Undergrad: 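So that we are looking at the same thing, I have put the structure below in C-alpha coordinates.
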Amino acid sequence: IGLFAASNLFLFYIFWELILVPIFIIIGVWGGPGRIYAAVKFLLFTLSGSVLMLVGMIALYQTFGTLDFKALAKASATLEPTYQTWLFIAFLAAFAVKVPMFPVHTWLPDAHTEAPTAGSVILAGILLKMGAYGFLRVSLPILPDAVHRFVTPMLVVSAVAIVYGAYITLIQTDIKRLIAFSSISHMGFVTLGIFTLDENGVEGAVLQMINHGIISAALFLCVGMIYERTHTREIKDYGGVAKTAPVYSTLLALFCLAAAGFPGLNSFVGEFLIISGAFNTHPWLGFMAVWGVALGTAYLVWLFYRVVMGELNPGLEGLKLELNRREIATLAPLALLALCLGLYPELVLSYLHAPVAELLAGVTP
(Lines give C-alpha, C1' and ligand atoms only; values in the text may rest on other atoms or scores of the structure.)
Protein backbone atom coordinates (compact mmCIF):
# COMPACT_ATOMS: atom_id res chain seq x y z
CA ILE A 1 0.00 0.00 0.00
CA GLY A 2 2.87 2.34 0.86
CA LEU A 3 4.53 1.72 -2.51
CA PHE A 4 1.38 2.24 -4.58
CA ALA A 5 0.36 5.33 -2.59
CA ALA A 6 3.79 7.02 -2.57
CA SER A 7 3.89 10.43 -4.28
CA ASN A 8 7.62 10.81 -3.70
CA LEU A 9 10.38 8.73 -5.30
CA PHE A 10 12.27 8.43 -2.00
CA LEU A 11 9.24 6.90 -0.25
CA PHE A 12 8.66 4.72 -3.31
CA TYR A 13 12.20 3.36 -2.96
CA ILE A 14 11.92 2.83 0.83
CA PHE A 15 8.75 0.75 0.47
CA TRP A 16 10.22 -1.05 -2.56
CA GLU A 17 13.08 -2.29 -0.36
CA LEU A 18 10.99 -2.97 2.76
CA ILE A 19 8.78 -5.41 0.84
CA LEU A 20 11.80 -7.71 0.30
CA VAL A 21 12.19 -8.48 4.01
CA PRO A 22 8.88 -10.27 4.77
CA ILE A 23 8.91 -12.13 1.45
CA PHE A 24 12.49 -13.32 2.11
CA ILE A 25 11.40 -14.57 5.56
CA ILE A 26 8.20 -16.21 4.26
CA ILE A 27 10.17 -18.19 1.64
CA GLY A 28 13.28 -18.84 3.75
CA VAL A 29 11.51 -19.94 6.97
CA TRP A 30 8.23 -21.55 5.88
CA GLY A 31 9.16 -22.69 2.36
CA GLY A 32 9.89 -26.13 0.91
CA PRO A 33 13.11 -28.20 0.91
CA GLY A 34 14.98 -25.77 -1.37
CA ARG A 35 13.77 -22.67 0.48
CA ILE A 36 17.20 -21.25 1.39
CA TYR A 37 18.44 -21.37 -2.23
CA ALA A 38 15.18 -19.84 -3.52
CA ALA A 39 15.12 -17.08 -0.87
CA VAL A 40 18.75 -16.08 -1.39
CA LYS A 41 18.35 -16.12 -5.19
CA PHE A 42 15.27 -13.92 -4.90
CA LEU A 43 17.10 -11.48 -2.61
CA LEU A 44 20.22 -11.28 -4.81
CA PHE A 45 18.24 -10.66 -8.01
CA THR A 46 15.98 -8.00 -6.52
CA LEU A 47 18.71 -6.22 -4.56
CA SER A 48 20.99 -6.07 -7.61
CA GLY A 49 18.32 -4.20 -9.56
CA SER A 50 17.38 -2.00 -6.61
CA VAL A 51 20.95 -0.75 -6.18
CA LEU A 52 20.90 0.67 -9.71
CA MET A 53 17.51 2.27 -9.03
CA LEU A 54 19.08 3.98 -5.99
CA VAL A 55 21.82 5.37 -8.25
CA GLY A 56 19.18 6.71 -10.65
CA MET A 57 17.22 8.25 -7.79
CA ILE A 58 20.32 10.05 -6.44
CA ALA A 59 21.12 11.33 -9.96
CA LEU A 60 17.59 12.75 -10.30
CA TYR A 61 17.83 14.44 -6.91
CA GLN A 62 21.19 16.01 -7.74
CA THR A 63 19.76 17.32 -11.02
CA PHE A 64 16.42 18.72 -9.82
CA GLY A 65 16.72 18.99 -6.02
CA THR A 66 13.39 17.19 -5.56
CA LEU A 67 12.01 13.64 -5.75
CA ASP A 68 8.32 14.56 -5.98
CA PHE A 69 6.76 12.65 -8.88
CA LYS A 70 4.76 15.60 -10.25
CA ALA A 71 7.72 17.98 -10.06
CA LEU A 72 9.99 15.44 -11.78
CA ALA A 73 7.45 14.86 -14.57
CA LYS A 74 7.19 18.63 -15.22
CA ALA A 75 11.00 19.08 -15.21
CA SER A 76 11.72 16.01 -17.36
CA ALA A 77 11.69 18.09 -20.60
CA THR A 78 14.96 19.71 -19.52
CA LEU A 79 16.79 16.38 -19.26
CA GLU A 80 19.16 15.54 -22.12
CA PRO A 81 18.18 12.41 -24.09
CA THR A 82 21.50 10.69 -23.31
CA TYR A 83 21.09 11.37 -19.58
CA GLN A 84 17.52 10.03 -19.76
CA THR A 85 18.81 6.87 -21.45
CA TRP A 86 21.17 6.07 -18.56
CA LEU A 87 18.46 6.81 -16.02
CA PHE A 88 16.02 4.57 -17.89
CA ILE A 89 18.53 1.71 -17.79
CA ALA A 90 19.07 2.22 -14.04
CA PHE A 91 15.34 2.04 -13.28
CA LEU A 92 14.79 -0.73 -15.84
CA ALA A 93 17.20 -2.95 -13.88
CA ALA A 94 14.90 -2.83 -10.85
CA PHE A 95 11.56 -2.94 -12.66
CA ALA A 96 12.51 -5.75 -15.08
CA VAL A 97 13.59 -8.05 -12.23
CA LYS A 98 10.36 -7.46 -10.33
CA VAL A 99 8.00 -8.03 -13.30
CA PRO A 100 9.98 -10.37 -14.06
CA MET A 101 10.95 -9.77 -17.68
CA PHE A 102 12.93 -12.16 -19.85
CA PRO A 103 15.84 -12.95 -19.26
CA VAL A 104 15.95 -11.91 -15.56
CA HIS A 105 12.98 -14.12 -14.69
CA THR A 106 14.81 -17.17 -13.33
CA TRP A 107 14.26 -16.33 -9.64
CA LEU A 108 10.46 -16.54 -10.00
CA PRO A 109 9.87 -20.30 -10.59
CA ASP A 110 12.20 -21.21 -7.70
CA ALA A 111 10.59 -18.66 -5.37
CA HIS A 112 7.07 -19.82 -6.24
CA THR A 113 7.92 -23.51 -6.01
CA GLU A 114 9.50 -23.24 -2.57
CA ALA A 115 7.22 -20.57 -1.07
CA PRO A 116 4.24 -21.66 1.05
CA THR A 117 0.83 -21.06 -0.49
CA ALA A 118 0.44 -17.67 1.23
CA GLY A 119 3.86 -16.59 -0.07
CA SER A 120 2.96 -17.58 -3.63
CA VAL A 121 -0.32 -15.65 -3.42
CA ILE A 122 1.49 -12.49 -2.23
CA LEU A 123 4.20 -12.90 -4.88
CA ALA A 124 1.73 -13.38 -7.73
CA GLY A 125 -0.95 -10.99 -6.50
CA ILE A 126 1.17 -8.01 -5.43
CA LEU A 127 4.93 -8.32 -5.86
CA LEU A 128 5.00 -8.88 -9.64
CA LYS A 129 2.81 -5.80 -10.14
CA MET A 130 5.43 -3.53 -8.56
CA GLY A 131 7.69 -3.63 -11.61
CA ALA A 132 4.93 -2.84 -14.09
CA TYR A 133 3.68 -0.07 -11.81
CA GLY A 134 7.23 1.32 -11.74
CA PHE A 135 7.19 1.70 -15.53
CA LEU A 136 3.89 3.60 -15.31
CA ARG A 137 4.89 5.72 -12.31
CA VAL A 138 8.53 6.51 -13.12
CA SER A 139 9.68 5.58 -16.64
CA LEU A 140 6.81 6.91 -18.79
CA PRO A 141 6.15 10.29 -17.10
CA ILE A 142 9.73 11.19 -16.06
CA LEU A 143 11.84 9.68 -18.89
CA PRO A 144 9.69 10.04 -22.05
CA ASP A 145 12.59 10.47 -24.53
CA ALA A 146 14.30 7.34 -23.25
CA VAL A 147 11.00 5.43 -23.41
CA HIS A 148 10.75 6.25 -27.14
CA ARG A 149 14.36 5.19 -27.62
CA PHE A 150 13.81 1.83 -25.91
CA VAL A 151 10.24 1.15 -26.97
CA THR A 152 11.10 -1.37 -29.73
CA PRO A 153 13.52 -3.48 -27.60
CA MET A 154 11.00 -3.50 -24.75
CA LEU A 155 8.20 -4.65 -27.07
CA VAL A 156 10.39 -7.39 -28.53
CA VAL A 157 11.48 -8.64 -25.10
CA SER A 158 7.83 -8.61 -23.94
CA ALA A 159 6.70 -10.63 -26.99
CA VAL A 160 9.54 -13.12 -26.47
CA ALA A 161 8.52 -13.48 -22.78
CA ILE A 162 4.92 -14.24 -23.81
CA VAL A 163 5.86 -17.02 -26.24
CA TYR A 164 8.94 -18.35 -24.39
CA GLY A 165 7.07 -18.44 -21.06
CA ALA A 166 4.20 -20.34 -22.67
CA TYR A 167 6.48 -22.95 -24.30
CA ILE A 168 8.40 -23.52 -21.05
CA THR A 169 5.09 -23.87 -19.19
CA LEU A 170 4.01 -26.68 -21.54
CA ILE A 171 6.83 -28.98 -20.35
CA GLN A 172 6.41 -28.51 -16.59
CA THR A 173 5.55 -31.57 -14.47
CA ASP A 174 5.04 -29.71 -11.16
CA ILE A 175 1.69 -27.86 -10.94
CA LYS A 176 3.15 -24.96 -8.98
CA ARG A 177 6.08 -24.48 -11.37
CA LEU A 178 3.63 -24.59 -14.26
CA ILE A 179 1.60 -21.70 -12.82
CA ALA A 180 4.83 -19.83 -11.96
CA PHE A 181 6.11 -20.04 -15.56
CA SER A 182 2.68 -19.03 -16.84
CA SER A 183 3.09 -15.80 -14.81
CA ILE A 184 6.14 -14.92 -16.93
CA SER A 185 3.99 -15.21 -20.06
CA HIS A 186 1.07 -13.28 -18.56
CA MET A 187 3.26 -10.46 -17.23
CA GLY A 188 4.79 -10.27 -20.73
CA PHE A 189 1.32 -9.14 -21.87
CA VAL A 190 1.39 -6.37 -19.26
CA THR A 191 4.76 -4.94 -20.37
CA LEU A 192 3.73 -5.34 -24.02
CA GLY A 193 0.61 -3.26 -23.36
CA ILE A 194 2.53 -0.55 -21.49
CA PHE A 195 5.14 -0.06 -24.23
CA THR A 196 2.67 0.01 -27.10
CA LEU A 197 2.12 3.60 -25.87
CA ASP A 198 -1.42 3.13 -27.13
CA GLU A 199 -4.47 4.00 -25.04
CA ASN A 200 -6.02 0.56 -25.49
CA GLY A 201 -2.72 -1.17 -24.74
CA VAL A 202 -1.96 0.75 -21.54
CA GLU A 203 -5.52 0.45 -20.21
CA GLY A 204 -5.42 -3.27 -20.99
CA ALA A 205 -2.06 -3.60 -19.21
CA VAL A 206 -3.39 -2.00 -16.00
CA LEU A 207 -6.55 -4.14 -16.15
CA GLN A 208 -4.43 -7.23 -16.80
CA MET A 209 -2.30 -6.48 -13.73
CA ILE A 210 -5.47 -6.69 -11.64
CA ASN A 211 -6.73 -9.75 -13.53
CA HIS A 212 -3.45 -11.63 -13.12
CA GLY A 213 -3.43 -10.86 -9.40
CA ILE A 214 -6.89 -12.38 -9.02
CA ILE A 215 -6.43 -15.46 -11.22
CA SER A 216 -2.86 -16.37 -10.34
CA ALA A 217 -3.60 -16.06 -6.61
CA ALA A 218 -6.67 -18.27 -7.06
CA LEU A 219 -4.70 -20.94 -8.95
CA PHE A 220 -1.98 -21.00 -6.29
CA LEU A 221 -4.67 -21.36 -3.62
CA CYS A 222 -6.20 -24.26 -5.57
CA VAL A 223 -2.79 -25.97 -5.74
CA GLY A 224 -2.15 -25.36 -2.03
CA MET A 225 -5.54 -26.75 -1.02
CA ILE A 226 -5.13 -30.01 -2.95
CA TYR A 227 -1.48 -30.31 -1.83
CA GLU A 228 -2.57 -30.24 1.84
CA ARG A 229 -4.48 -33.47 1.16
CA THR A 230 -2.17 -35.32 -1.24
CA HIS A 231 1.31 -33.94 -0.33
CA THR A 232 2.36 -34.03 -3.98
CA ARG A 233 2.47 -31.41 -6.72
CA GLU A 234 3.46 -33.76 -9.54
CA ILE A 235 0.80 -33.72 -12.25
CA LYS A 236 1.25 -37.46 -12.93
CA ASP A 237 0.08 -38.25 -9.38
CA TYR A 238 -3.35 -36.78 -10.10
CA GLY A 239 -6.25 -37.71 -12.38
CA GLY A 240 -9.98 -38.14 -11.94
CA VAL A 241 -10.24 -35.56 -9.15
CA ALA A 242 -13.67 -34.50 -10.50
CA LYS A 243 -15.12 -37.83 -9.34
CA THR A 244 -14.54 -37.06 -5.67
CA ALA A 245 -14.26 -33.24 -5.63
CA PRO A 246 -16.80 -31.67 -8.02
CA VAL A 247 -16.82 -28.24 -6.32
CA TYR A 248 -13.02 -28.04 -6.40
CA SER A 249 -12.98 -29.14 -10.05
CA THR A 250 -15.60 -26.55 -11.02
CA LEU A 251 -13.66 -23.70 -9.38
CA LEU A 252 -10.38 -24.91 -10.91
CA ALA A 253 -12.08 -25.01 -14.34
CA LEU A 254 -13.33 -21.44 -13.87
CA PHE A 255 -9.86 -20.14 -12.96
CA CYS A 256 -8.12 -22.09 -15.74
CA LEU A 257 -10.58 -20.69 -18.30
CA ALA A 258 -10.11 -17.19 -16.88
CA ALA A 259 -6.32 -17.51 -17.14
CA ALA A 260 -6.67 -18.74 -20.71
CA GLY A 261 -8.62 -15.60 -21.68
CA PHE A 262 -12.06 -17.18 -22.09
CA PRO A 263 -14.73 -14.63 -23.22
CA GLY A 264 -16.93 -13.58 -20.31
CA LEU A 265 -14.10 -13.91 -17.79
CA ASN A 266 -11.73 -11.14 -16.72
CA SER A 267 -8.50 -11.91 -18.63
CA PHE A 268 -10.26 -11.83 -21.99
CA VAL A 269 -10.90 -8.08 -21.82
CA GLY A 270 -7.35 -7.21 -20.70
CA GLU A 271 -5.70 -9.40 -23.33
CA PHE A 272 -8.06 -8.14 -26.04
CA LEU A 273 -7.16 -4.50 -25.29
CA ILE A 274 -3.43 -5.29 -25.17
CA ILE A 275 -3.53 -7.21 -28.46
CA SER A 276 -5.56 -4.46 -30.14
CA GLY A 277 -2.98 -1.93 -28.90
CA ALA A 278 -0.17 -4.12 -30.30
CA PHE A 279 -1.90 -4.38 -33.69
CA ASN A 280 -2.33 -0.60 -33.72
CA THR A 281 1.43 -0.08 -33.34
CA HIS A 282 3.28 -3.21 -34.57
CA PRO A 283 1.02 -5.85 -36.19
CA TRP A 284 3.68 -8.59 -35.97
CA LEU A 285 3.71 -8.17 -32.17
CA GLY A 286 -0.04 -8.65 -32.20
CA PHE A 287 0.44 -11.98 -34.00
CA MET A 288 3.00 -13.09 -31.38
CA ALA A 289 0.61 -12.14 -28.58
CA VAL A 290 -2.21 -14.12 -30.22
CA TRP A 291 0.14 -17.11 -30.51
CA GLY A 292 0.89 -16.70 -26.79
CA VAL A 293 -2.85 -16.81 -26.02
CA ALA A 294 -3.18 -20.03 -28.06
CA LEU A 295 -0.28 -21.65 -26.20
CA GLY A 296 -1.72 -20.46 -22.88
CA THR A 297 -5.00 -22.17 -23.66
CA ALA A 298 -3.10 -25.34 -24.53
CA TYR A 299 -1.13 -25.64 -21.28
CA LEU A 300 -4.08 -24.68 -19.05
CA VAL A 301 -6.56 -27.07 -20.69
CA TRP A 302 -3.92 -29.84 -20.65
CA LEU A 303 -3.25 -29.16 -16.94
CA PHE A 304 -6.97 -29.34 -16.14
CA TYR A 305 -7.40 -32.51 -18.18
CA ARG A 306 -4.53 -34.33 -16.47
CA VAL A 307 -5.52 -33.30 -12.93
CA VAL A 308 -9.31 -33.50 -13.02
CA MET A 309 -10.53 -35.66 -15.91
CA GLY A 310 -10.33 -39.39 -16.57
CA GLU A 311 -10.23 -42.23 -14.06
CA LEU A 312 -9.34 -41.59 -10.44
CA ASN A 313 -5.64 -42.19 -9.77
CA PRO A 314 -5.32 -45.22 -7.42
CA GLY A 315 -3.00 -43.18 -5.19
CA LEU A 316 -5.85 -40.76 -4.44
CA GLU A 317 -8.38 -43.38 -3.33
CA GLY A 318 -9.57 -42.92 0.24
CA LEU A 319 -8.52 -39.26 0.37
CA LYS A 320 -11.15 -36.59 1.05
CA LEU A 321 -10.28 -34.17 -1.78
CA GLU A 322 -13.38 -31.97 -1.69
CA LEU A 323 -13.06 -28.42 -0.36
CA ASN A 324 -14.45 -27.50 3.04
CA ARG A 325 -16.60 -24.42 3.69
CA ARG A 326 -13.66 -22.25 4.72
CA GLU A 327 -11.79 -23.03 1.50
CA ILE A 328 -14.88 -22.40 -0.64
CA ALA A 329 -15.37 -19.06 1.16
CA THR A 330 -11.74 -18.19 0.34
CA LEU A 331 -12.09 -18.90 -3.38
CA ALA A 332 -15.64 -17.58 -3.89
CA PRO A 333 -14.74 -13.84 -3.87
CA LEU A 334 -11.97 -14.46 -6.44
CA ALA A 335 -14.40 -16.39 -8.65
CA LEU A 336 -16.94 -13.56 -8.30
CA LEU A 337 -14.31 -10.97 -9.26
CA ALA A 338 -13.28 -13.01 -12.31
CA LEU A 339 -16.91 -13.12 -13.46
CA CYS A 340 -17.77 -9.49 -12.64
CA LEU A 341 -14.71 -8.00 -14.34
CA GLY A 342 -15.25 -10.28 -17.33
CA LEU A 343 -18.88 -9.27 -17.80
CA TYR A 344 -18.50 -5.61 -16.78
CA PRO A 345 -14.85 -4.47 -17.14
CA GLU A 346 -15.94 -0.81 -16.82
CA LEU A 347 -15.77 -1.40 -13.06
CA VAL A 348 -12.04 -0.83 -13.49
CA LEU A 349 -11.73 0.75 -16.94
CA SER A 350 -13.93 3.73 -16.03
CA TYR A 351 -11.19 4.83 -13.59
CA LEU A 352 -8.43 4.43 -16.20
CA HIS A 353 -9.56 6.51 -19.21
CA ALA A 354 -8.55 9.95 -17.87
CA PRO A 355 -5.24 9.05 -16.13
CA VAL A 356 -4.03 6.92 -19.06
CA ALA A 357 -4.85 9.72 -21.54
CA GLU A 358 -2.94 12.19 -19.34
CA LEU A 359 0.00 9.80 -18.97
CA LEU A 360 0.28 9.21 -22.72
CA ALA A 361 -0.05 12.94 -23.47
CA GLY A 362 3.19 13.43 -21.57
CA VAL A 363 4.95 10.65 -23.47
CA THR A 364 3.81 11.72 -26.95
CA PRO A 365 6.78 13.28 -28.77
Side-chain angles (χ1 to χ4, degrees), residues 1 3 15-47 97-100 105-131 169 172-184 186-187 212-238 241 245 248 251-252 255-256 259 300 303 307 315-316 319-335 337:
I1 291 170
L3 177 96
F15 286 116
W16 182 279
E17 294 294 81
L18 282 176
I19 290 165
L20 301 182
V21 180
I23 291 292
F24 177 77
I25 293 169
I26 287 169
I27 298 170
V29 176
W30 292 284
R35 60 187 181 275
I36 302 299
Y37 170 79
V40 171
K41 188 175 182 180
F42 160 74
L43 194 69
L44 288 175
F45 266 76
T46 47
L47 273 179
V97 169
K98 272 291 199 301
V99 168
H105 63 280
T106 55
W107 64 268
L108 182 70
D110 293 318
H112 268 314
T113 304
E114 300 303 332
T117 300
S120 289
V121 169
I122 294 167
L123 271 170
I126 302 169
L127 207 78
L128 304 191
K129 311 303 170 290
M130 290 164 53
T169 304
Q172 298 306 311
T173 58
D174 180 304
I175 304 177
K176 215 171 180 187
R177 280 187 83 82
L178 186 148
I179 299 167
F181 273 107
S182 77
S183 290
I184 295 164
H186 286 136
M187 289 307 292
H212 180 264
I214 294 165
I215 296 164
S216 199
L219 287 171
F220 278 119
L221 284 168
C222 287
V223 174
M225 288 168 183
I226 200 87
Y227 176 78
E228 288 297 316
R229 294 157 167 79
T230 62
H231 301 291
T232 178
R233 291 196 302 260
E234 289 295 315
I235 298 172
K236 62 181 174 60
D237 296 331
Y238 290 93
V241 170
Y248 174 83
L251 285 167
L252 182 63
F255 295 129
C256 283
L300 286 160
L303 167 71
V307 171
L316 301 178
L319 295 176
K320 189 182 177 185
L321 301 177
E322 188 57 287
L323 301 178
N324 57 41
R325 289 180 182 177
R326 176 177 58 83
E327 290 166 331
I328 293 170
T330 304
L331 291 173
L334 296 171
L337 278 170

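These numbers were taken from a predicted model, which means no experiment stands behind them.
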Undergrad: How long is the straight-line distance from CG of Leu3 back to CE of Met130, given to the nearest 0.5 Å?
TA: 5.0 Å
Undergrad: Run Lys176 and Ser120 through side chain to side chain donor-acceptor pair (under 3.5 Å) and show every step you take.
TA: CA-CA 9 Å; Lys176 215 171 180 187; Ser120 289; 3.3 Å; yes
Undergrad: List the steps and the verdict of side chain to side chain donor-acceptor pair (under 3.5 Å) for Ser183 and His212.
TA: CA-CA 8 Å; Ser183 290; His212 180 264; 3.2 Å; yes
Undergrad: Where do Ile27 and Ala111 come nearest, in terms of heavy atoms and distance?
TA: CD1-CB, 4.0 Å
Undergrad: Which pairs, with at least one residue in residues 215-233 and sequence neighbours excluded, count as a salt bridge (charged side-chain N to carboxylate O under 4.0 Å, His left out)?
TA: Asp174-Arg233, Arg229-Glu327
Undergrad: Testing the basics here: between Ile26 and Gly119, what is the closest heavy-atom pair and its distance to 0.1 Å?
TA: CG2-CA, 3.7 Å
Undergrad: Return all side-chain donor-acceptor pairs below 3.5 angstrom for residues 218-226, not counting sequence neighbours, or 'none' if the list is empty.
TA:
none

Undergrad: Would you please test Leu127 and Lys98 for side-chain contact (heavy atoms from CB on, under 4.5 Å) and show each step?
TA: CA-CA 7 Å; Leu127 207 78; Lys98 272 291 199 301; 4.2 Å; yes
Undergrad: With Ile328, which residues qualify under side chain to side chain contact (heavy atoms under 4.5 Å, CB included), at least two apart?
TA: Val247, Leu323
Undergrad: If you compare all heavy atoms of Val99 against all heavy atoms of Met187, which two are closest, and at what distance to 0.1 Å?
TA: O-CG, 3.5 Å
Undergrad: Please evaluate residues Leu128 and Leu108 with respect to the criterion side-chain contact (heavy atoms from CB on, under 4.5 Å), reporting the C-alpha separation (whole Å), side-chain torsions for both, the decisive distance (0.1 Å), and the verdict.
TA: CA-CA 9 Å; Leu128 304 191; Leu108 182 70; 3.7 Å; yes
Undergrad: Go through the steps to decide whether Ile179 and Ser216 satisfy the test side-chain contact (heavy atoms from CB on, under 4.5 Å), and finish with yes or no.
TA: CA-CA 7 Å; Ile179 299 167; Ser216 199; 4.2 Å; yes
Undergrad: Could you list the residues that satisfy side chain to side chain donor-acceptor pair (under 3.5 Å) with Thr330, not counting sequence neighbours?
TA: none
Undergrad: With sequence neighbours left out, write down each residue that passes side chain to side chain donor-acceptor pair (under 3.5 Å) with Thr106, or none if nothing qualifies.
TA: none
Undergrad: Could you note down all residue pairs passing salt bridge (charged side-chain N to carboxylate O under 4.0 Å, His left out) where residues 106-129 supplies at least one of them, sequence neighbours left out?
TA: Lys41-Asp110, Asp110-Arg177
Undergrad: Once ring-ring contact (aromatic ring centres under 6.0 Å, His included) is applied, do any residues pair with Phe255, and if so which ones, sequence neighbours excluded?
TA: none
Undergrad: State, with a plain yes or no, whether a side-chain heavy atom of Ile175 is found less than 4.5 Å away from one of Tyr238.
TA: yes
Undergrad: Among residues at least two apart in sequence or on other chains, which ones pass ring-ring contact (aromatic ring centres under 6.0 Å, His included) with Phe42?
TA: Trp107
Undergrad: Taking all non-hydrogen atoms of both residues, which atom of Phe181 and which atom of Pro109 are closest, and how far apart?
TA: CZ-CG, 3.5 Å
Undergrad: Can you list every salt bridge (charged side-chain N to carboxylate O under 4.0 Å, His left out) pair that touches residues 24-39, not counting sequence neighbours?
TA: none
Undergrad: Of the non-hydrogen atoms in Thr230 and Leu321, which two are nearest, and what is the gap between them?
TA: CG2-CD2, 3.8 Å
Undergrad: Can a donor-acceptor pair be found, under 3.5 Å and without considering hydrogens, that links the side chain of His186 to the backbone of Ala259?
TA: yes
Undergrad: Let me see the working for Leu178 and Ile235 under side-chain contact (heavy atoms from CB on, under 4.5 Å), right down to the final yes or no.
TA: CA-CA 10 Å; Leu178 186 148; Ile235 298 172; 4.0 Å; yes
